[in-house]
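Comments concern the structure below.
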Amino acid sequence: QWEQAQQAFERMQEAELQPDVYTYSALISAFEKGGQWEQAQQTFERMQEARLQPNVITYSSLISAFEKGGQWEQAQQAFERMQEAGLQPNVIT
C-alpha cells in the first residue's frame, strides 16, 4: 500500500500540486504501516524543507515508524522535538 501512496504523491507533484501537512502526514503514515521508517524520515525532512509545520498526527506516524523499525533513539528524539514544537502528545503518540 505504501507504494501506491508514494505514487499518488509523486503524481501530485508532477501535476504541480503543492502537498500540504495532511498530504505529507498521510504519506508518512503509509510508510509507517509498511515498515518503511527510512522513507518516513526522508518524507518528514522534505516536509520541513518545504517549510510546513508538522502536527501531532505527523509526529505520531513518524514515531511509530521509528518504533516499528527498532529505531528507539530516533523515536525518542522525534517525541522530544514534538514537545519542543509545543505539540501535546495524544493517545496514539
For Gln74 and Trp37, run side chain to side chain contact (heavy atoms under 4.5 Å, CB included): C-alpha distance rounded to whole Å, both residues' side-chain angles, the deciding distance at 0.1 Å, then the answer. CA-CA 10 Å; Gln74 291 188 54; Trp37 69 267; 3.7 Å; yes

If you look only at pairs with a residue in residues 21-36, which of them pass as a side-chain hydrogen bond (donor to acceptor under 3.5 Å, both in side chains), with sequence neighbours excluded? Asp20-Thr23, Ser25-Thr58, Ser29-Lys33, Glu32-Ser64, Glu32-Lys68

Taking side-chain hydrogen bond (donor to acceptor under 3.5 Å, both in side chains) as the cut-off, I'd like each qualifying pair that reaches into residues 5-15, sequence neighbours left out, listed once. none

Which heavy atom of [X] sits nearest to which heavy atom of [Y], and what is that distance?
| X | Y | result |
| --- | --- | --- |
| Tyr59 | Ala85 | OH-CB, 4.5 Å |
| Ile28 | Thr43 | CG1-CG2, 3.7 Å |
| Leu62 | Ala78 | CD2-CB, 4.1 Å |

Residue pair Gln41, Phe66: steps toward the side chain to side chain contact (heavy atoms under 4.5 Å, CB included) verdict: CA-CA 8 Å; Gln41 181 180 30; Phe66 286 144; 4.0 Å; yes

Answer yes or no: are there more than 12 heavy-atom neighbours, outside [X] itself, under 6.0 Å from its atom [atom1]?
| X | atom1 | result |
| --- | --- | --- |
| Ile57 | CD1 | no |
| Glu45 | CD | yes |
| Glu3 | CD | yes |

To the nearest 0.5 Å, tell me how far Gln88 CD sits from Met82 CE. 8.0 Å

Cluster overlap Val21 with Phe44, hydrophobic side-chain contacts below 4.5 Å: no

